[in-house]
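Since the structure comes first, as structure tokens, the remarks are kept for the end.
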Amino acid sequence: MRDHGPGIGAEHLPHVFDRFYRADPARSRDGGGTGLGLAIAAALVEAHDGRIEARSRPGEGTTFRVILPVRGPGSAGPGGG
């Protein structure tokens, strides 16, 4: 998924999947959001043996990529169990 928003600074990218992290300190809970959305997305992807990545440049938007393993019919679910 890609957006054309303001982008995320390089210093913030390592933290965007951390719980309660907000790159923009001006954003408060009053404006909506708790800083959990990307942490939840990352947990779900990782629970299915995948990974999620974020790439961004200020002024150019952000791209999120989710990579999930391919499983054939009858394969075990997440975690192989």
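Not measured: the values here are computed from a predicted model.
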Exercise for the section: Could you list the residues that satisfy side chain to side chain contact (heavy atoms under 4.5 Å, CB included) with L44, not counting sequence neighbours? Expected result: I40

Handout entry: For P69, all residues meeting side chain to side chain contact (heavy atoms under 4.5 Å, CB included), sequence neighbours excluded
Key = D49, R71

Handout entry: Check: M1 and R65 side chains under 4.5 Å, non-hydrogen atoms
Key = no

Practice task
Applying side-chain hydrogen bond (donor to acceptor under 3.5 Å, both in side chains), name anything that partners R51, two or more places apart in sequence or on another chain.
Solution key: E53

Problem - Pairwise distance CZ(R22) to OG1(T34) - rounded to 0.5 angstrom - result: 7.0 Å

Exercise for the section: For T62, check side chain to side chain contact (heavy atoms under 4.5 Å, CB included) against everything at least two apart and list the hits. Expected result: D3, I8, S56, F64

Practice task
Check whether any side-chain heavy atom of V16 lies under 4.5 Å from a side-chain heavy atom of D18, and answer yes or no.
Solution key: no

Fill in the blank from the handout: Closest non-hydrogen contact found for I52 with V45 is N-CG1, 4.0 Å

Practice task
For residues G9 and P58, report the shortest heavy-atom separation together with the two atoms involved.
Solution key: CA-CG, 3.9 Å

